[in-house]
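Heads up: the structure comes next, in structure tokens.
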Amino acid sequence: MVENLPKTYNPKDFEDRLYKFWKDNEYFKAKVDRNKKPFTIMMPPPNVTGNLHMGHALNNTIQDVLIRWMRMEGYETLWLPGTDHASISTEAKVVEKISAEGKTKEELGREAFIEEAWDWTRKYGGTIYNQLEKLGVSCDWSRKRFTLDEGLSRAVEEVFIRLYEKGLIYRGDRIINWCPSCKTAISDAEVEHKDTLGNIWHIRYPIKGEDRFITIATTRPETMLGDLAVAVNPEDERYKDLIGKTAILPLVNREIPIIADDYVDMEFGTGAVKITPSHDPNDFEVGERHNLGQCIIMNEDGTINENGGKYNGLDRYEARKRIVEDLEEEGYLVEVKDHDNSVGHCERCKTVVEPLISKQWFVKMEPLAKPALQAYYNGELNFIPDRFGKIYTHWLEGIKDWCISRQLWWGHRLPVYYCEDCGETMVSREAPEKCTKCDSENIYQDPDTLDTWFSSALWPFSTLGWPENTEDLQYFFPTDVLITGYDIIFFWVVRMVFSSLEQTGKVPFKDVLLTGLVRDALGRKMSKSLGNGIDPLYVINEYGADALRFTLVTGNTPGNDMRFSMERVEANRNFANKLWNATRFVLMNLDEEVAMEDIDSELLEEEDKWILSRINTVIKEVTENLEKYEIGLAAQKIYDFIWDEYCDWYIEMVKPRLYGNNKDSKETAEKVLIKVLENILKLLHPFMPFITEEIWQHLPQRKEALIVSKWPVYDEKNKDLEAEKRMAFIMDAIKGIRNARQEMNIPPSKKATIIFVTKDEKIKDIIDYGKRYFINLASGENIIIQEDKNNLGEDNVSVVLDRCEIFVPLKDLIDFDKEIERLEKEKEKIEDELKRARGKLSNKDFVNKAPEHIVAKEREKLKKYEDMMEKVVERLASLKSNQ
RNA sequence: GGGCGAUUGGCUCAGCUGGCUAGAGCGCCACGGUGACAACGUGGAGAUCAUUGGUUCGAGUCCAAUAUCGCCCACCA
């Protein structure tokens with residue numbers, strides 16, 4: 001006996017301790033080591049003030065699985081953690097805080113506000129790191145980064161300037177999405193479209209100097225205040241004579257031209273469209289084509305401005321209401337219809353966004369998108385699952401310029417300066433002393449900051465020291481795989497790819513492994529408002545990090561949403577407990593000295609050869625699964641192996657040897673037990689790092705930590721198909737006997753003779769060899785092998801196997817009707833199989849066209865079932881005749 | 001309007017390049033306090049793999065269509 005483990009698995013006893021142990025020993029720390037191959041993952045940076053939710057837990061677990069596995073494979077692994085400043089969301093939180101103190105952002109002033117935001121960041125910024133540690137993430141904390149760090153900020157500035165100098169960043173008046181609540185422009189990607197049942201209003205505009213009207217249709221009547229034309233299709237017979245005439249804008253009494261433009265769809269609405277160039281992207285284009293000019297009617301908070309005449313100061317929806325009322329009153333409203341409309345909402349605050357013209361900074365996307373598309377088509381960039389590649393390319397193909405300026409204070413300020421006097425724009429690393437054009441010293445910096453995603457787009461290389469050509473950058477970049485949710489492909493993945501290609505010439509990662517959403521047990525999205533979110537920390541506290549991790553990693557496939565239920569966590573906790581107790585069993589039967597000795601292959605028993613062959617196969621399969629990112633499958637295989645094969649079969653088979661007094665046999669069993677256990681721990685470690693390390697530390701003479709031990713390697717010479725076959729027979733026989741006995745309600749305590757009837761020499765050998773299996777696992781009293789059924793009598797339960805029949809004499813305990821019924825059922829099953837096999841084999845096409853080994857397998861099956869059938873029929877006849 | 005995903009025992013899901021006698025966990029039924037584990041063991045019941053066609057020697061797996069649910073994209077006022 002080696003060392004005591006506590007009787008039940010209690011993760012709280014060791015998880016924190018082990019995490020500290022790993023950290024203190026710097027196992028997570030990556031070093032540039034030219035003798036090793038690097039393996040790099042950049043952790044998607046959570047919001048700096050955020051809390052760990054199930055989504056984080058899921059993708060960080062997957063990352064940790066891969067990192068731990070590759071570390072054991074001998075790679076120099078870097079998993080770089082960090083956080084994102086999340087400008088819009090952090091700013092909103094800080095605004096909320098100071099408004100609770102009765103102050104506005106403006107009152108506070110920019111500098112003081114940013115100081116507040118830093119305070120906030122310092123206060124809440126560490127939380128998520130601590131939470132991640134609880135999960136067991138083995139990332140290199142010494143390299144943690146924050147998007148507002150000096151280095152990363154420099155990278156942001158550098159990229160901005162380079163893109164500007166290349167003409168890929170420009171400033172211009174465009175229709176952008178304006179969030180009246182966040183009071184900033186947002187990019188197209190940040191707009192969520194929701195189908196909403198609204199109205200469409202038909203409004204007639206009088207024609208100047210005539211007693212006629214032209215009727216337009218609109219879903220946003222308030223924007224009419226900014227109308228600068230009415231457009232019709234040039235081919236539209238209904239309106240041909242109106243083209244070139246002038247309409248009078250009701251309520252406003254502005255004279256606006258009636259123009260012809262292909263954009264107008266004759267089929268839709270009335271075929272006449274009001275044109276509001278400042279408040280609609282299509283109208284904007286029409287306006288450009290017809291030189292209509294601009295008329296902005298809205299303030300940044302969504303109220304109508306002074307251009308709205310008497311509606312000045314009203315909120316946009318209040319204005320809509322009044323305008324409709326007024327139109328109706330004055331007889332301009334023709335009709336109101338229900339109308340399904342796709343309405344854009346601010347992704348962050350859910351406010352309806354207002355398209356409006358604004359002077360903003362943009363990244364020209366087309367030249368950047370092309371290489372990013374190419375990378376995918378070339379195969380330099382892969383998505384797992386691949387279907388997301390289509391989403392990626394589709395988005396890039398239709399991409400529009402990226403609005404990157406935000407009217408926020410928390411973030412990277414644009415390195416752009418303007419001359420107050422001549423209006424010159426200067427983009428530079430340092431604030432210019434004076435205007436490069438007119439020498440004026442009246443210079444001010446652009447007040448805007450950059451879209452948060454502008455800095456996260458640089459994450460794979462800015463975190464490694466770019467634009468400096470650091471050692472880290474040379475060694476660890478490009479990274480290997482990105483693990484993230486499919487919901488941020490547009491925001492982040494795409495932008496990292498094109499930014500990296502543009503700045504470094506390299507694709508930032510080879511593979512993108514997409515995770516789905518973690519939903520609640522009912523399939524609903526976990527959300528704050530529903531209150532149905534399950535806190536990963538609660539789960540860890542109740543069941544341990546390993547159980548949580550295992551739950552997240554199994555039972556679903558990449559890119560698919562998963563339902564999270566506590567029942568599954570509990571099941572996985574039970575699995576951990578199972579392993580825990582199996583270990584206790586092994587350790588309490590282990591002699592420390594013996595455990596250190598090599599296995600003498602001459603002394604291996606059948607079950608030893610079998611389990612060694614099996615673990616060998618499992619090593620191969622698990623490794624292959626991991627290589628293909630089939631993480632759930634890999635985990636499942638280890639689970640099954642541990643529970644079914646190692647615990648339920650191997651340990652049970654080996655017990656008599658451990659309790660017996662054959663020294664060689666006993667010691668061999670110990671050695672095999674420990675050897676297989678070691679491999680199990682290694683294979684399971686990436687998934688359940690804590691329990692496996694804890695157990696490992698209890699094994700005899702463990703010099704190194706499991707976390708840095710060597711990943712097991714498949715070894716062809718351990719493969720033993722013969723042993724596997726023989727054990728398969730033994731197990732089938734045991735299962736058959738158990739089944740027959742239980743169906744007959746024979747208590748397990750009732751031991752009985754087991755008689756094997758077979759003429760097959762190989763089978764005789766293995767039964768003879770393995771008597772103890774049957775005695776121990778099939779309630780056997782003594783084992784008899786014979787070639788015929790003489791002297792058997794009828795007081796038996798029987799089991800029909802391939803080339804073997806088993807009889808268990810149980811005088812007075814047999815219910816013959818029941819036994820017949822049981823065998824009839826068995827016969828039916830065999831009949832079905834026979835029918836199937838015969839059907840296949842009588843099909844000439846099958847025999848000729850199917851691969852040889854498939855046909856051979858089918859023939860074997862047929863033979864087996866024929867043999868079994870013969871026996872069942874015979875046995876049934878015999879039973880019936882004796883009734 | 002386009003695109004994608006899901007549909008497998010009561011529930012939640014696996015099933016990778018077609019060969020499967022369709023698996024697991026939970027739940028259910030029966031038995032079991034045996035010297036790792038009742039967070040357990042043993043046995044069992046329970047599935048025409050959504051429907052319909054097609055390809056193939058062979059389809060849960062590939063193709064097409066349909067249905068239901070879900071998601072994403074899209075400037076039609």
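A quick note: this is a predicted structure, and the numbers were derived from the prediction, not measured. In what follows, every heavy atom counts, from backbone to side chain, and hydrogens, waters and symmetry copies are set aside.
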Give me the ring orientation class for A/Tyr659 and A/Phe585: parallel if the planes are under 30° apart, tilted from 30 to 60°, perpendicular past 60°. perpendicular

For a quick check of understanding: with a heavy-atom distance under 4.0 Å over all strands, which category does A/Tyr659 fall into, base, sugar-phosphate or nothing? base

Could you check A/Glu743 against A/Thr218 and say which one's nearest nucleotide on RNA chain B is further toward the 5' end? A/Glu743

Can you tell me how far CD1 of A/Ile186 sits from CD of A/Glu347, rounded to the nearest 0.5 angstrom? 7.5 Å

Considering only B/A39, B/G15, B/U12, which nucleotide approaches the side chain of A/Arg573 most closely? B/A39

Which part of the nucleic acid, if any, lies within reach of A/His279 when heavy atoms closer than 4.0 Å are counted: base, sugar-phosphate only, or nothing? nothing

Where the side chain of A/Tyr263 is defined as all heavy atoms beyond and including C-beta, which of B/C40, B/C37, B/C76 is the nearest nucleotide? B/C76

Does a distance-only test, which skips hydrogens and angles, find a donor-acceptor pair under 3.5 Å between the side chain of A/Lys835 and the base of B/U21? no

Select base, sugar-phosphate, or nothing to describe what A/Ala582 touches, counting heavy atoms under 4.0 Å on all strands. base

Considering every strand and a 4.0 Å limit on heavy-atom distances, what is the contact class for A/Tyr9: base, sugar-phosphate, or nothing? base

Would you call A/Glu860 and A/Lys863 a salt bridge, using N to O less than 4.0 angstrom? no

For B/A47, the Watson-Crick or wobble partner whose two distances fall under 3.5 Å: none

Please measure how far the C1' atom in B/C16 lies from the corresponding atom in B/A22, and state the result in whole Å. 16 Å

What is the nucleic acid contact for A/Pro851, judged by heavy atoms within less than 4.0 Å: base, sugar-phosphate only, or nothing? base

Under 4.0 Å between any heavy atoms, over every strand shown, what does A/Tyr639 touch: base, sugar-phosphate, or nothing? Just pick one. sugar-phosphate

Side-chain donor/acceptor of A/Glu652 to base of B/A36, under 3.5 Å: yes

Sorted by position of nearest nucleotide on RNA chain B, 5' first, the leading residue of A/Ala217 and A/Arg568 is A/Arg568

So what does A/Arg836 hit on the nucleic acid, given a heavy-atom distance under 4.0 Å: a base, only sugar-phosphate, or nothing? sugar-phosphate

Checking all strands, does A/Lys735 fall into the base, sugar-phosphate, or nothing category for heavy-atom contacts under 4.0 angstrom? sugar-phosphate

